Peer 1: 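Sharing a structure with you now.
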Amino acid sequence: MVNILFWVFAVIAIAGSVLATTLRQPVHCALSLVTTLFALSVMYLLLSAEFLFAVQIFIYAGGIMVLYLFVIFLVEPLRGQEIATEPRMHRLVGPAVVLVFSPVLIYALSGIKIAPRHEVKAPQSVAPIKLEEVLQLGPRGASDPAVRKAIVGANDPSFRDIGNTKVFGLKLFTKYLFPFEIVSVVLLVAMLGAIVLGRKRFSSYSEEEEAQMLAEAHYHTSRIAPFSGETAAEILAELRSDDERQHKGPGSDFKVVPDYEE
Amino acid sequence: MIELLVSVLIQSVIVVLPVLLGVAYLTWLERKVAGFIQVRLGPQHVGYRGLLQPIADGIKLILKENVTPLSADRAVFNIAPLLAALTALSVLAVIPWASGFVIADVNIGILYILSIASIGVYGIVLGGWASNSKYAMFGSLRSAAQNISYEIPLGMAIAGAVIYLGTLSLGGMVDAQARGWLIFQNPLHLLGLSIYAIAATAETNRLPFDLPEAEAELVAGFHTEYSSMKFALFFMGEYVNMIVVSAIAATVFLGGWRSPIAGLDGGGWATVCGVAGGIVWVLISVWLLRMAFAGKRFVKSVLFFVGIGSLLIVLELLGVKQGLIFGLGSAYWMLLKVFVALLILMWVRWTYPRYRYDQLMHICWRILLPLSLFYIFASGAIRFLGVST
Amino acid sequence: MLEVTPFQIVILSGLMFFIGLVGFIRRSNLIVMLIALELMFNAVNLNFVGFSYLLDDWNGQMFTIFIISIAACEAVIGLGIIIALYRHAANVEVDEVSLLRW
């Protein structure tokens, strides 16, 4: 039963990923990716990774993909305004690559035989299991139903279930503490980077200084390739009108004719 | 295998049907409460005191024409209300409604709830985009930004409570409050409850945080272009969200199906607390209606609601068997808490003016977030220092 | 208990990785390229979690959660770059913004 579920969700994941790379509209691609992420998280659940099931949905599908949708809305807001471009390669290149490489891959990988480094331990007795013993188990052992029923500290009513999450947390904050701290620093840096990238104006020069620099650059390059050689005033005027276009948003200088009577 | 499926199906029907009926009558209650706060009567004509109003509304919504804009994206347009409604309903499966009655007491119950809440954002975002209209688009972007911003203080308030309770599963949380409700175990958790309450009000897009649906500003926000059943689904999703959010507050902070006085929530005492709860129910209802009625009709309304209350008491007394009375008593407490939380939500809605969008964001990022970080830190510190008992 | 062999896990994640890779190469819309990149990340995640299950080792799941966090950072920065590029060139197709200066 569990195997059937696993393969059903595997098929959904693959189908979603194929759709995510082939559909025309970016919004549809993003939604197919969300489907794939859902299917993957259920597969994680079946692979004894309960915490990752929740984290994948919460952060990946519920946070990162919403961010993608936001950016898609900013960049290509409404339908009917997208630019039709052709894909960069022939349509059959993808399937051809997959078909050509898969026999090689399958042949190369068919001989994998691995074994766990230690026995997949399930606890021997149903008696109260100590926390130290649970920490020695791997993820499959910690998700074992027999471990689930064991109670550590029979007086404490809230300690009734040792699941994957508890041991995950204990390991994360003891053995893997250093990567955890590093990742928090990386997240901080990414946040700062996003704030800096999202600002409107980068340079600290004023508009006149920028126009002067641009005019000089134009003058210099006009020696090599003949350009219109605009003066600083013209460039400033161009910059200002550019600015207006920026403030009004892209596409503000083309008119849409409504198809109803006003 | 088969009996597991059948039992889960029956339990789901037992939970979902009353919730759907409750959603319909929540709209009635909202209009009545709104009326009384605004010194007028609510719906009066449709049934007795307007009790058939939700049914009339439902029939109207079903019979309306199902309009799809011409340039809308068909598939996404149809999926969006489904996402909003179904994610709200899925959360009902993990909430302990009575002692021993949880449809699925998963290990990671509260994480599951937060994940499903973050999927609920998609209904709003996609609804706005698929409508292919300016107002809908702006409304959905604002609403989505508000939703994902307020998920953070919501999750952190829950995290602070989880640190204290020591378990992520909701049934386990109610077990951990056997000593007493969380807010009685340590007064710090009142802070957590307040943060949760504000964040939850913003999550469900209720006033004072309902700029995304503000009629005066954006026509109707992200559900401008929806009509008939799809609009009904959005609407239903919002009200089920309210019920869910109240139920989570009741479970995490207010002790779930436990009574405030330890030991009263089961066994022979269920009758006592059932009667007490019934009287509280009657008093609240009488006080609500008393604001509107005067003179001779006061007696009629009192009789009417005393009748309802005594019906509840009789139902309570009928379950004399051991298991039944325990279950019935504890379900009573849970429903009472959910009902009081819903009343407070509605009370707040019709009392405060709407926040502007930048004020909304200011509250989330510059007030609630530092407070919730402090709450997590303090909760962990108290638990670490062992001051709990 | 789930019965998977390492071969099945690797084929599944390899297939997803290849689909993401081909999508990244073929598409010219920057956002869809980033989506294909996320697909590659997720294929690697599946690989890690699958082998964590088979080898009964915590390292796989730990690595997965770090990959998810770092993928979040990378998505944020990538999308910030796209927005900055869009403000400059009003276009997010890689074939169109191919001139270095403008």
Side-chain angles (χ1 to χ4, degrees), chain A residues 1 23 25-28 30-32 34-35 37-38 41 45 49-74 76-81 142-143 148 152-153 155-169 256 259-260, chain B residues 1 69-73 75-76 79-80 83 87 105-122 124-126 128-134 136-138 140-141 144-145 147-148 151-152 155 162-169 171-179 388:
Chain A
M1 177 65 202
L23 289 173
Q25 299 224 9
V27 172
H28 295 168
L31 290 178
S32 314
V34 171
T35 318
L37 293 174
F38 252 118
S41 63
L45 184 64
E50 307 169 340
F51 185 64
L52 280 173
F53 154 74
V55 161
Q56 174 99 341
I57 297 182
F58 191 20
I59 292 183
Y60 232 128
I64 298 179
M65 294 315 296
V66 175
L67 182 63
Y68 268 95
L69 276 178
F70 262 82
V71 172
I72 294 176
F73 294 160
L74 282 175
E76 309 189 44
L78 299 168
R79 302 179 72 224
Q81 287 183 16
S143 312
R148 286 234 163 94
V152 169
N155 301 327
D156 195 346
S158 71
F159 219 116
R160 70 177 192 177
D161 194 324
I162 297 183
N164 177 283
T165 311
K166 207 185 235 346
V167 188
F168 194 100
V256 175
D259 49 7
Y260 51 84
Chain B
M1 193 59 220
L70 197 62
S71 55
D73 190 337
V76 179
I79 289 178
L83 274 177
T87 56
D105 189 15
V106 293
N107 269 352
I108 45 167
I110 205 72
L111 271 186
Y112 167 79
I113 291 178
L114 288 173
S115 316
I116 300 291
S118 52
I119 297 297
V121 179
Y122 276 105
I124 300 171
V125 162
L126 296 175
W129 179 80
S131 311
N132 205 22
S133 115
K134 276 194 295 275
M137 191 74 196
F138 284 137
S140 82
L141 280 182
N147 242 337
I148 59 181
E151 266 172 27
I152 299 176
V162 159
I163 289 176
Y164 207 87
L165 290 168
T167 173
L168 282 173
S169 77
M173 281 186 203
V174 180
D175 280 344
Q177 295 181 53
R179 285 197 307 264
S388 53

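As a basis for the values below, the full set of heavy atoms in this structure was taken, side chains included, without hydrogen atoms, waters or symmetry mates. Computed from a predicted structure; not experimentally measured.
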Peer 1: Using non-hydrogen atoms only, which part of B/Q177 is less than 4.5 Å away from chain A: side chain, backbone, both, or neither?
Peer 2: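 The answer is neither part of B/Q177.
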Peer 1: Which bit of B/V76 comes within less than 4.5 Å of chain A, counting heavy atoms only: side chain, backbone, both or neither?
Peer 2: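 B/V76 touches chain A through side-chain heavy atoms alone.
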Peer 1: Test of understanding: with side chain to side chain contact (heavy atoms under 4.5 Å, CB included), list the residues that count as partners of A/L45, not counting sequence neighbours.
Peer 2: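 A/L45: side chain to side chain contact (heavy atoms under 4.5 Å, CB included) contacts with A/E50, A/F53.
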Peer 1: Side chain, backbone, both or neither: which part of B/L168 has an atom under 4.5 Å from a heavy atom of chain A?
Peer 2: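 Just the side chain, heavy atoms under 4.5 Å.
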Peer 1: Relative to chain A, which of B/V121, B/L126, B/V174 shows the most heavy atom pairs under 4.5 Å?
Peer 2: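 Highest number of pairs under 4.5 Å: B/L126.
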Peer 1: Counting C-beta onward and ignoring hydrogens, is there a side-chain heavy-atom pair between B/I119 and A/I57 closer than 4.5 Å?
Peer 2: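 The answer is yes, as the side chains (C-beta and beyond) meet within the 4.5 Å cut-off.
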Peer 1: Using non-hydrogen atoms only, which part of B/L114 is less than 4.5 Å away from chain A: side chain, backbone, both, or neither?
Peer 2: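 Both backbone and side chain.
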Peer 1: Which atoms of A/V55 are under 4.5 Å from chain B, going by heavy atoms: the side chain, the backbone, both sets, or neither?
Peer 2: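 No part of A/V55 comes within 4.5 Å of chain B.
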Peer 1: For residues 59-73 of chain A, run the donor-acceptor check on the side chains, cut-off 3.5 Å, and write out each pair with its distance to 0.1 Å, sequence neighbours left out.
Peer 2:
| from | atom 1 | to | atom 2 | distance (Å) |
| --- | --- | --- | --- | --- |
| A/Y60 | OH | C/E38 | OE1 | 2.5 |
| A/Y68 | OH | C/L34 | O | 3.4 |
| A/Y68 | OH | C/E38 | OE2 | 3.1 |

Peer 1: Which bit of B/A117 is near chain A, if near means a heavy-atom gap under 4.5 Å: side chain, backbone, both or neither?
Peer 2: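 Neither the backbone nor the side chain of B/A117 comes within 4.5 Å of chain A.
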